[in-house]
Amino acid sequence: MKKKTPSGQPSTDEDSLAELALDHPLPKLILEHRTLSKLKSTYTDKLPRSINPNTGRVHTTYSQTTAVTGRLSSNEPNLQNIPIRTPAGRRIRSCFIAPPGSKIVSADYSQIELRIMAHLSGDENLRRSFAEGEDIHRATAAELFGVPLTGVEPEHRRVAKVINFGLIYGMSSFGVAQNLGIDRGTAQTYVERYFQRYPGSKRYMDETRKRAKELGYVETVFGRRLWLPELRSGAPVRRQAAERAAINAPMQGTAADLIKLAMIAVQRWLDETHAKAKLIMQVHDELVLEVPDAELEATQAKVRELMQGVHRLDVPLVVEVGVGENWDQAH
DNA sequence: TTTAATGGCGCG
DNA sequence: AAAGCGCGCCATTAAA
C-alpha cells in the first residue's frame with residue numbers, strides 16, 4: 001500500500017482499490033458495492049423524501065455566498081451533483097421529468113473554461129482552434145502528436161483531454177503522469193510540447209502566478225477578486241496549493257460570472273414575453289428549463305442566443321441545447 | 001441524541 | 001513533502 005490518507009492510514013479510495021484489483025478479486029467487488037451504495041444512499045433513498053408535498057416537486061436552495069470563485073452552490077438537496085456518468089446514474093437523472101405537455105430543455109456552455117483560458121491568455125493557436133470550431137481536445141492531440149486532425153487516435157485525444165483539463169487546475173507533470181498511468185518523463189515531454197505549441201498559454205500561467213503573488217489576489221474578467229494570502233506562505237505545500245487556486249479561479253470564476261449574467265438575461269426575456277417556460281435549475285455551465293411544447297422552438301433558439309451573446313470574448317461562446325421528456329434525455 | 005472529524009465520491 | 005480547482009453529503013466513528 002503506497003497511498004496514505006492525511007491521517008496516515010492506508011487509503012482505500014477508488015484509485016488504490018483499482019490498483020489492488022489487478023492482483024486480487026475482492027477490491028473490484030468492493031468498488032462495485034461502493035458505486036451502488038453511493039447512488040442508493042445519496043439519491044435513490046434520499047431524493048423522494050425531499051419532495052415538497054405542496055408542490056410535488058424537489059426544491060433546492062442556491063447560495064450566492066459560499067463558493068469562493070463566485071459559483072453558486074446548491075444544498076438540501078444538492079441538485080448540482082445528480083449522476084450522469086454511468087448508466088445506473090443516468091437512470092436516476094431520468095427521474096427528473098417534465099409534466100405532460102412540457103419538456104425539459106438543457107442548455108450548456110461548451111468547453112467554457114478552456115475558451116476563457118484562450119481569451120485570457122490570448123494564445124493564438126488556442127484562439128484559432130476555437131474560432132474555427134475545432135474539437136479542442138482533438139486539436140491539442142494533433143499538436144502534441146504531430147498528426148493531422150483527421151489522424152488523431154482516441155488514445156491521443158484522451159491524453160490531450162487530461163492535459164487540457166489539467167492546465168485549468170494548475171496540474172503538474174507529476175499529476176499528468178499519475179492520471180494517465182504513464183512515467184514522469186513521458187508526462188514531462190507532453191507538457192513541454194504542449195507549451196511549445198501553445199506559448200501564450202505558458203506565458204499566461206507564469207504571468208498569473210507572478211501577478212497573483214505581487215497583488216495577493218486574482219480576478220475574473222469582470223473584476224471579481226479572490227484573495228489568496230497563502231501565496232506568500234513559507235510552507236511550500238500551502239503556497240503551491242494557493243498557486244493552483246490562483247490559476248483556476250479566473251477561469252472558473254469568469255465562467256460563473258457569465259452564466260449569472262445569462263440567467264438574468266433569460267429570466268428577463270421570460271418575464272417580458274410572459275412565457276410559461278420556467279428557468280428551474282443551474283449547474284455551473286448549464287441552465288435547465290421546463291418548457292411547454294408550444295414554446296419549445298422559440299425558447300431553444302432564444303436561450304442559445306442569449307447565452308452565447310451574454311458577453312463578447314476573443315473566442316466564440318458556444319451553447320449546446322437538448323430537449324427531452326426528462327433531464328437525462330435532454331442531454 | 002447531537003456534533004465534529006474523517007474518508008470517500010457524486011457533479012461541473 | 002506533495003503532487004488537480006470548486007462544491008455538498010453520505011456512512012462511520014468518537015466525543016460531547
Side-chain angles (χ1 to χ4, degrees), chain A residues 2-18 30-31 33-47 49-50 60-86 88-90 92-93 106 108-114 116-117 162-180 184 187-188 191 208 218 220 226 228 234-256 259 281-288 327 331:
Chain A
K2 298 175 227 160
K3 189 171 166 187
K4 297 283 205 297
T5 69
S7 69
Q9 297 295 114
S11 176
T12 72
D13 68 11
E14 200 172 326
D15 286 343
S16 304
L17 291 190
I30 295 174
L31 285 172
H33 180 269
R34 288 242 187 101
T35 301
L36 295 173
S37 61
K38 176 86 176 182
L39 295 177
K40 182 171 187 290
S41 65
T42 307
Y43 305 103
T44 312
D45 289 347
K46 279 297 184 320
L47 284 173
R49 300 175 200 276
S50 300
T60 186
T61 301
Y62 290 106
S63 171
Q64 296 198 79
T65 55
T66 297
V68 296
T69 54
R71 277 187 174 183
L72 302 185
S73 72
S74 159
N75 67 21
E76 289 185 276
N78 183 356
L79 295 186
Q80 291 179 325
N81 71 343
I82 299 302
I84 194 171
R85 293 174 187 174
T86 65
R90 295 172 76 118
I92 293 169
R93 182 166 288 237
S106 164
D108 70 281
Y109 283 112
S110 167
Q111 307 294 358
I112 189 164
E113 290 181 358
L114 283 171
I116 292 165
M117 185 165 88
V162 165
I163 290 179
N164 276 332
F165 274 108
L167 286 167
I168 293 173
Y169 301 145
M171 189 165 60
S172 64
S173 60
F174 178 94
V176 173
Q178 181 104 344
N179 196 292
L180 291 172
R184 292 191 56 183
Q188 178 75 38
V191 171
T208 298
V218 291
T220 67
L226 174 62
L228 291 163
V237 175
R238 285 173 174 266
R239 191 176 61 246
Q240 287 163 10
E243 285 174 5
R244 293 191 296 272
I247 294 292
N248 176 259
M251 294 181 266
Q252 187 181 128
T254 298
I259 199 164
M281 285 188 283
Q282 187 257 43
V283 191
H284 308 308
D285 65 357
E286 171 189 12
L287 299 181
V288 183
W327 195 9
H331 281 268

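Protein chains get the first letters and strands the later ones, always in sequence-line order, with residue 1 at the start of each.
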Less than 3.5 Å between a donor and an acceptor, one on the side chain of R85(A) and one on the base of dG12(B), is that the case here?
-> yes
With a 4.5 Å limit on heavy-atom distance, are the side chains of E14(A) and L31(A) in contact?
-> yes
Modelled atom types, side-chain donor and acceptor of E286(A) and S106(A), under 3.5 Å = yes
Listed nucleotide nearest any side-chain atom of R244(A), set dG12(B), dG8(B), dA3(C) = dA3(C)
Taking only the side-chain heavy atoms of N248(A) (C-beta and beyond), determine which of dA3(C), dG12(B), dC5(C) contains the nearest atom.
-> dC5(C)
Verify the distance criterion only: is there a donor paired with an acceptor across the side chains of T69(A) and Q252(A) at less than 3.5 Å?
-> yes
Encode nucleotides 7-15 of chain C as B, S and - characters from 5' to 3', where the letter depends on protein heavy atoms closer than 4.0 Å: B to the base, S only to sugar-phosphate, - to neither.
-> SBSSS----
Indicate, with a heavy-atom threshold strictly under 4.0 Å, whether T12(A) touches base, sugar-phosphate, or nothing.
-> sugar-phosphate
Report which part of the nucleic acid I84(A) touches: base, sugar-phosphate, or nothing (heavy-atom distance under 4.0 Å, all strands).
-> sugar-phosphate
Give G175(A) one of three labels, base, sugar-phosphate or nothing, depending on what nucleic acid heavy atoms sit under 4.0 Å from its own.
-> sugar-phosphate
Would you write the dot-bracket representation of DNA chain C, where each base gets (, ), [, ], | or . depending on whether it forms a Watson-Crick or G-U pair under 3.5 Å and with which partner?
-> ....||||||||||||
From dG8(B), dA2(C), dG10(B), nucleotide with atom closest to T5(A) side chain = dG8(B)
With the side chain defined as heavy atoms from C-beta on, A245(A) is closest, among dG7(B), dC5(C), dC9(B), to dC5(C)
Please state whether the base of dC5(C) and the side chain of Q252(A) form at least one donor-acceptor pair under 3.5 Å?
-> yes
Quantified in whole Å, what is the P atom distance between nucleotide dG7(B) and nucleotide dA3(C)?
-> 14 Å
